[in-house]
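Okay, structure first, notes after.
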Amino acid sequence: MSNIVKNFHNCINNICNQLINEKILDQNTNLNNINIDIPSDENRGDISTNAALIFRKFSSLNTMDLANIIKDKLLNIDFIFDVIVVNPGFINVFFTNDFLIDELKNLNTQGVEYGSNNIGKDCKINIEYVSANPTGPLHVAHSRGAVFGDVLSNLLEFCGYEVTREYYVNDSGSQIIALGESLYKRYKEQLNIKDEDAKIHLYPGKYLIDIANEIIKTDGDKWINTPLEDRAEYFQNYAIKNILKGINDDLNSIGIYFDKYSSEKDIIKKNYIEKVFSLLKDQDLLYLGNLKKPKGNIDEDWESRKQLLFKSTSFGDESDRPFKKSNNDWTYFANDSAYHYDKLQRGYKKLINIWGSDHIGYVKRMKSMVRSLSNSEVELEINICQLVHLKKDNKPIKMSKRTGNFITLKELTDQVGSDALRYFMLRRKNDAQMDFDLTKVIEKNNDNPIFYINYALARSNSLIEIFNDKIKKSNNFDLNKENFNKYLVKEEWKIIKKLLSWPHIVENCAIKSEPHRLIYYLEELSALFHSFWNLGKEQKSLRFIDENNLEKTICKIYIIKSMQNIFKCAYKILGIKIIDRM
RNA sequence: GUCCCGUUAGCUCAAUUGGAUAGAGCGUCAGACUUCUAAUCUGAAGGUUAUGGGUUCGAUUCCCAUACGGGAUACCA
């Protein structure tokens, strides 16, 4: 597992220990705030650190003197070519070319495993996402969380976590009762039987009609005039089963698969709510009380009610939260707490939930709950995916879930394809709102970054083809370090350094749960490649393939192979297809 | 009213968890195709990081206030 940033970090830590021994640094010097960066400006070295600026507080020496002492020690390390100290105390380090070539060989030896790490070693983690109610097909708003959760799972797996991808099915409660009755209503409708009961809320959309017709196909009109209690469960389960299958198909079509579906019904059957109840009671976190009247806009029929409340204020929430309704039923929050208790029982060391922005008000109470139920041993991380504004030709598309006039995930996938959908859903930070333009994401021009990176890959691939056809079929390159030094120009060293920063990018993305950075990395790498490619137009000697100079060509093709390796690895994490040719 | 998220170039967005001269793409202007694939590239112009304070060697980043935009706001799920 090679990571140039980590390697260098170790060097700095060693030097720090030496300095402590030499009494230059205080015994209790804190190393936590030391940054190791890959500078964006190449003049600032291949890697840089603020160590001297941090050490300043733990030493009688001034920052620049400290920096120079560290510099002298760094210069003794064999893979460091030069060190420059800059005001106010940054230490900029340049690697030797030999070191970079060794690392590039590492990259190729490790193949698509290059960049993986073990920060998640022995950590069982549960990532719950989508979890849309099984009352209708997935729509656009679900797709962002779906893709985000999937890629975060891939990424954490790559970092050594043992990941469970989980979908929580809300197959219980009043919505499901309404769903069952909606289906029954459609069933009657399809059999041309008049229904006077207009009170029942009907789920809009055509999908329930299709399901109703399936029931008619097998059962005919046998359910007509059966009492509610006899038919309810059948209609509910039938609807859930079919809708869930549709949801699953839609997800599969964009490459998303779950390891586990958890059912709310099952959780209730396990009596976990009662278990949670007593656990909270023991910690004195439940009490009977009245919530204060909320200020501002509220319904006119608000009334003060006595109900069982969870003390989430003791964890920083702004209000305590209802655990039971005033009629003594459990709230949804109580159910959800039981579900999280179930996850804890399964031995996860960390939980991640990915929620839509409409659930943002529930973040604090759920985090508080998991802390209470796990003795603060398990952290619940909640990533909020903000709204996606759909557009077409730069004009907003109006949608309303109430009338059933919304664009489904399936329709979106059919229009733009899985790759464009995934790529653009990931391209923005999850907690910022984003636009998604149906026409723009599939345009084949400069505006479209996914074509930009695919084009880089396609171009590089044609190089490999030409190389194999014309020059050499075998993979046994004679990789002579001297040749790299002799033939490569500064633009190519820049590409190599970019490639070697991949493990650092991966680690950062995983630690911060921010997969969008992978996308930006790919676009930057592609830019370096395209730019260098075009230099070859003006100056033939800079081209990758020179039939008259095998030694040089081999070095250059080796970089290309390394680059493709990184692309393959990144595409796998992002879940998008490799494009060989365009 | 309260809470959460956001505000960075004309537009859409980055910024390596407090670092150095805040970067890309689009758009604008000026250029590069007898090609290893022009779906590309080169150059120029474009900024008081919403505003005002604070913390410190150093702030787009952390804290406080203000403005604007979006979302959430008792027993639904």
Side-chain angles (χ1 to χ4, degrees), chain A residues 5 33 35-41 43-44 48 50 53 56 63 86-90 92 133 135 170 172-176 264 290-299 302-305 307 317-319 321-322 324-327 329 331-333 335-336 356-364 384 386-387 427-429 431-435 437 440 443-449 451-452 454-456 458-463 465-467 470 501 504-505 508-509 511-512 514 516-517 520-521 523-524 527 529-538 540 543-547 553 556 581-582:
Chain A
V5 174
N33 291 327
N35 278 345
I36 309 292
D37 290 336
I38 297 177
S40 46
D41 181 350
N43 295 320
R44 294 180 197 158
S48 82
N50 63 352
L53 290 153
R56 190 174 67 98
T63 314
V86 184
N87 257 321
F90 290 103
N92 298 336
N133 288 344
T135 52
N170 292 120
S172 174
S174 60
Q175 288 197 27
I176 296 301
E264 185 181 357
N290 293 53
L291 282 177
K292 277 184 213 149
K293 184 175 180 177
K295 289 168 188 168
N297 273 350
I298 54 146
D299 295 342
W302 186 89
E303 56 181 20
S304 185
R305 275 183 295 244
Q307 56 190 155
D317 206 352
E318 78 251 25
S319 163
R321 303 297 181 177
K324 271 189 170 184
K325 301 178 196 172
S326 49
N327 68 3
D329 284 350
T331 58
Y332 178 80
F333 175 54
N335 276 326
D336 215 9
S357 58
D358 51 338
H359 288 77
I360 207 162
Y362 292 78
V363 170
K364 268 190 185 157
I384 296 292
Q386 276 292 350
L387 294 172
R427 201 165 177 265
R428 295 280 171 257
K429 240 187 309 193
D431 55 6
Q433 298 185 19
M434 62 174 279
D435 291 343
D437 193 311
K440 271 192 181 167
E443 271 174 10
K444 301 185 175 188
N445 59 24
N446 296 7
D447 286 13
N448 196 336
F451 279 90
Y452 184 81
N454 278 336
Y455 188 42
R459 270 181 157 178
S460 74
N461 214 47
S462 75
L463 290 175
E465 281 176 12
I466 293 167
F467 178 75
K470 287 193 181 168
S501 72
H504 181 57
I505 299 286
N508 262 332
C509 291
I511 289 171
K512 298 193 76 178
E514 289 185 347
H516 72 279
R517 292 172 189 229
Y520 284 93
Y521 171 82
E523 290 176 14
E524 285 162 18
F529 171 75
H530 283 308
S531 178
F532 185 61
W533 176 288
N534 276 63
L535 285 183
K537 285 179 180 160
E538 288 161 21
K540 300 247 178 197
R543 293 188 178 190
F544 291 95
I545 291 173
D546 182 347
E547 291 183 47
T553 304
K556 286 166 174 281
R581 197 185 300 260
M582 287 172 73

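The sequence lines fix the lettering, A, B, ..., with proteins before strands; numbering per chain opens at 1. Any value given below was found using the heavy atoms of this structure, including those in side chains, with hydrogens, waters and symmetry copies removed.
- Between the side chain of A/His530 and the backbone N or O of A/Tyr455, no donor-acceptor pair lies under 3.5 Å.
- Side-chain atoms of A/Tyr455 and base atoms of B/rC41 include no donor and acceptor less than 3.5 Å apart.
- Where A/His504 and A/Asn133 each meet RNA chain B at their nearest nucleotide, the meeting point lying more 5' is that of A/His504.
- When the side-chain nitrogen and oxygen atoms of A/Ser462 are compared with OP1 and OP2 of B/rU37, one or more of them lie within a distance under 4.0 Å.
- At B/rC75, none of the side-chain N or O atoms of A/Arg321 fall inside 4.0 Å of OP1 or OP2 (strictly under the cut-off).
- Side chains of A/Asn170 and A/Tyr332: a donor-acceptor N/O pair is present below 3.5 angstrom, by distance only.
- Between A/Arg517 and B/rA14, a side-chain N or O to OP1/OP2 separation shorter than 4.0 Å is absent.
- The base of B/rA20 does not come close enough to the side chain of A/Asp41 for any donor and acceptor atom to sit less than 3.5 Å apart.
- Residue side chain A/Phe90 meets the stacking definition with respect to B/rA20: its ring centre sits within less than 5.5 angstrom of the base's six-membered ring centre, and the planes differ by less than 30 degrees.
- Taking only side-chain nitrogens and oxygens, A/Ser319 never comes nearer than 4.0 Å to OP1 or OP2 of B/rU73.
- In this structure B/rA24 sits in a base pair with B/rU12, meeting the Watson-Crick or G-U test at under 3.5 Å.
- The base of B/rA14 has none of its N or O atoms less than 3.5 Å from a complementary donor or acceptor on the side chain of A/Tyr521.
- Taking 4.0 angstrom as the limit, A/Asn50 places none of its side-chain polar atoms (N or O) nearer than this to OP1 or OP2 of B/rG19.
- The interatomic distance linking A/His516 (NE2) with B/rG23 (C1') rounds to 14 Å, in whole Å.
- The base-pairing partner of B/rU2, taking Watson-Crick or G-U wobble contacts with both distances under 3.5 Å, is B/rA72.
- Remark: the backbone N or O of A/Pro322 is paired with a side-chain donor or acceptor of A/Thr331 at under 3.5 angstrom.
- Residue A/His530 places none of its side-chain N or O atoms closer than 4.0 Å to OP1 or OP2 of B/rA32.
- Rounded to whole angstrom, the span from the CG atom of A/Asn33 across to the P atom of B/rU17 amounts to 11 Å.
- If you measure from atom CZ of A/Arg428 to atom P of B/rC13, you get 5 Å, rounded to the nearest angstrom.
- Using Watson-Crick or G-U wobble geometry with both donor-acceptor distances under 3.5 Å, B/rA50 finds its partner in B/rU66.
- Base pairing of B/rA59: no nucleotide in any strand meets the Watson-Crick or G-U wobble criterion (both distances under 3.5 Å).
- Taking every side-chain heavy atom of A/Tyr332 into account, B/rC76 is the closest of B/rU42, B/rU37, B/rC76.
- Computed from coordinates, the A/Lys537 NZ to B/rC41 C1' distance equals 6 Å when rounded to whole Å.
- Between A/Arg427 and A/Gln386, the residue anchored nearer the 5' end of RNA chain B, judged by the nucleotide with its closest heavy atom, is A/Gln386.
- Ring geometry for A/Phe544 against A/Phe532 counts as perpendicular: the plane angle is over 60°, on a 0 to 90° scale with 30° as the lower cut.
- Spacing between atom CD of A/Gln175 and atom P of B/rC76 amounts to 11 Å, rounded to whole angstrom units.
- Rounded to an integer number of Å, the gap from CD1 of A/Ile511 to P of B/rU16 is 14 Å.
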Polar-atom pairs under 3.5 Å, protein N or O versus N or O of nucleotides 60-62 of chain B: list them with distances, or write none.
none

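- Under the 3.5 Å distance criterion, the side-chain polar atoms of A/Asp317 are left unmatched by any main-chain donor or acceptor of A/Lys364.
- A straight line from CD of A/Glu524 to P of B/rC41 spans 14 Å, rounded to a whole angstrom.
- Taking side-chain N and O atoms only, A/Asn87 has no distance below 4.0 Å to OP1 or OP2 of B/rA20.
- Put simply, the side chain of A/Ser357 and the base of B/rA72 share no donor and acceptor less than 3.5 Å apart.
- At least one donor-acceptor pair closer than 3.5 Å links the side chain of A/Asn50 to the backbone N or O of A/Asn35.
- Nucleotide B/rU16 holds its C1' atom 13 Å from the NZ atom of A/Lys429, rounded to whole Å.
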